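Please read all numbers here as calculations on a predicted model, not as lab measurements. Both counts, for ligands and for their atoms, begin at 1 and track the order of listing.
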Amino acid sequence: MSTTTNSPTADELRSRAASIRGRNLQMVQAAGLGHPGGDLSAADIVTTLYFSVLNVDPENPEAPGRDRYIQSKGHASGVLYTALAQRGFIPEALLDEYMAEGSPLNGHPDRNKVAGVETNTGPLGHGMPVAVGCALAAKLDGASWRTYVLTGDGELQEGSNWEAFMSAAHYDLDNLVVIVDRNRLQQGARTEDTNGLDPLDDKLAAFGWAVREIDGNSVDELLDTFAAVPFVPGKPSAIIANTKKGRGVSFMEDRVEWHHKVPTPEQVEQALTELSA
Ligand SMILES: Cc1ncc(C[n+]2csc(CCOP(=O)(O)OP(=O)(O)O)c2C)c(N)n1
Ligand SMILES: [Mg+2]
């Protein structure tokens, strides 16, 4: 099985992330729907995973030995589909049909419709439990593939995550990595004003995870951190990825309304100019 892509440099990954952000925003604008803020906060994480970390093969998306990437924050389907298209899992032209009637590119990813989508997500709080099941299955099989799961931070207010965190440590799942997109915003509010998560590192450590906190919009830090997995042998690895919602576009960054606001064509043009600078 091929891994990814001739080991791109950090600069190539940054260019790739900018390209994914731009195409993602065009897609949201054309659809008139989407979650651009959470797409853009996660763009560096998703790009680094698909283009440098995950052992996946677009020619054989269900290869048994592949790594599993589960995007629990399924509302950020825009960044997932754009990455899958640029990585060769789905035709790039399909992005023009994002959320159109009858399109396989639903607002929430569907594994039965889109090659490379590992599990259906969208209702928050479901990715972590599924990821624990995947990682436990690999361990029971003696297989070497890993499971990576991306959650939102507001999403961690769902109790199912904490049951999953607990069982991952119980089963010593050091083949499991959670990346928390810690953009500090959820739908309509800041996380710490809604149901605070801090100190998140201490909470995850208390649940038995090895934790690292990084700049989740830094490709360099992401590369270093993924290379260090498992952080502690025998423990699942948690990456608290401090990001900005709307990252890369000045008028979107850290603005709560861009959770699901749709840019105008003029705003997309401005965004593309900023992203290519
Ligand atoms: C169980 C459930 N409740 C509510 C929603 C509606 N919803 C979609 S996104 C979102 C906010 C998610 O915030 P966060 O996890 O921080 O995501 P991000 O900031 O990365 O977009 C909510 C409440 C949902 N999808 N699922
Ligand atoms: Mg958030």
*Give the residue, atom name and distance (to 0.1 Å) of the protein heavy atom nearest atom 26 (N) of ligand 1.*
Leu124 N, 3.0 Å

_Below 4.0 Å, non-hydrogen atoms only: which portion of Leu185 touches ligand 1? Side chain, backbone, both or neither._
backbone

_Ring of Tyr50, cation from Arg87 - is the NZ or CZ under 6.0 Å from the centre and inside 45° of the axis?_
no

_Residues Arg182, Glu213; criterion salt bridge (charged side-chain N to carboxylate O under 4.0 Å, His left out); working and verdict_ = CA-CA 10 Å; Arg182 186 74 170 114; Glu213 189 160 0; over 6 Å; no

*What are the atoms of ligand 1, with element, lying closer than 4.0 Å to any heavy atom of Lys245?*
18 (P), 19 (O), 21 (O)

*Would you mind checking which non-hydrogen protein atom is closest to atom 20 (O) of ligand 1, with the distance to 0.1 Å?*
Lys73 NZ, 2.8 Å

_Testing Asp153, Asp198, Asp193 one by one against Arg184 for a side-chain hydrogen bond (donor to acceptor under 3.5 Å, both in side chains), which residue passes?_
Asp198

*Short list, please: which atoms of ligand 1 are under 4.0 Å from a heavy atom of Asp153?*
15 (O), 16 (O)

_Close N or O approach (Thr191, ligand 1; < 3.5 Å)_ = no

*Using non-hydrogen atoms of the residue, decide whether Gly125 is closer than 4.0 angstrom to ligand 1.*
no

*Protein heavy-atom partner closest to atom 14 (P) of ligand 1 - residue, atom, separation in Å*: Gly154 N, 3.6 Å

_In the structure I gave you, are the side-chain heavy atoms of Leu25 and Val249 within less than 4.5 Å of one another anywhere?_
yes

*For Asn183, take its heavy atoms, then give the atoms of ligand 1 lying under 4.0 Å from any of them.*
18 (P), 19 (O), 20 (O)

*So which protein heavy atom does atom 23 (C) of ligand 1 come closest to, and at what separation?*
Gln187 OE1, 3.8 Å

*Using the six-membered ring wherever Trp is involved, compare the ring planes of Trp209 and Phe165 and label them parallel, tilted or perpendicular (cut-offs 30° and 60°).*
perpendicular

*Considering the heavy atoms of Glu155, write down every atom of ligand 1 situated less than 4.0 Å from one of them.*
14 (P), 15 (O)

_Atom pair OG1 (Thr191) and CD (Gln157), whose distance is rounded to the nearest 0.5 Å_ = 7.0 Å

*With the Mg ion (ligand 2) as the reference point, give the N/O/S atom of Asp153 that is nearest.*
OD1

*Using the six-membered ring of Trp145, assess whether NZ or CZ of Arg68 lies under 6.0 Å from its centre and within 45 degrees of the ring axis.*
yes

*Can you name the closest pair of heavy atoms from Gly127 and Ser72 and give their distance?*
N-OG, 3.0 Å

*Working for side chain to side chain contact (heavy atoms under 4.5 Å, CB included), residues Val117 and Asp110*: CA-CA 7 Å; Val117 171; Asp110 185 330; over 6 Å; no

*Take every heavy atom of Glu158, measure it against each atom of ligand 1, and state whether any distance is under 4.0 Å.*
yes

*Determine, using heavy atoms of Ala76 and all atoms of ligand 1, whether some pair is separated by less than 4.0 Å.*
no

*asked:* Over 60° means perpendicular and under 30° means parallel, so tell me whether His35 and His260 are parallel, tilted or perpendicular.
replied: tilted

*Just wondering, do Val178 and Ile239 contact through their side chains at under 4.5 Å, heavy atoms?*
no

*Which residue holds the protein heavy atom closest to atom 25 (N) of ligand 1, what is that atom called, and what is the gap in Å?*
Gly122 O, 2.9 Å

*Which residue holds the protein heavy atom closest to atom 21 (O) of ligand 1, what is that atom called, and what is the gap in Å?*
His75 NE2, 2.7 Å

*Does ligand 1 have an atom that lies less than 4.0 angstrom from a heavy atom of His35?*
no

*asked:* Show me which atoms of ligand 1 lie under 4.0 Å from any heavy atom of Pro123.
replied: 26 (N)

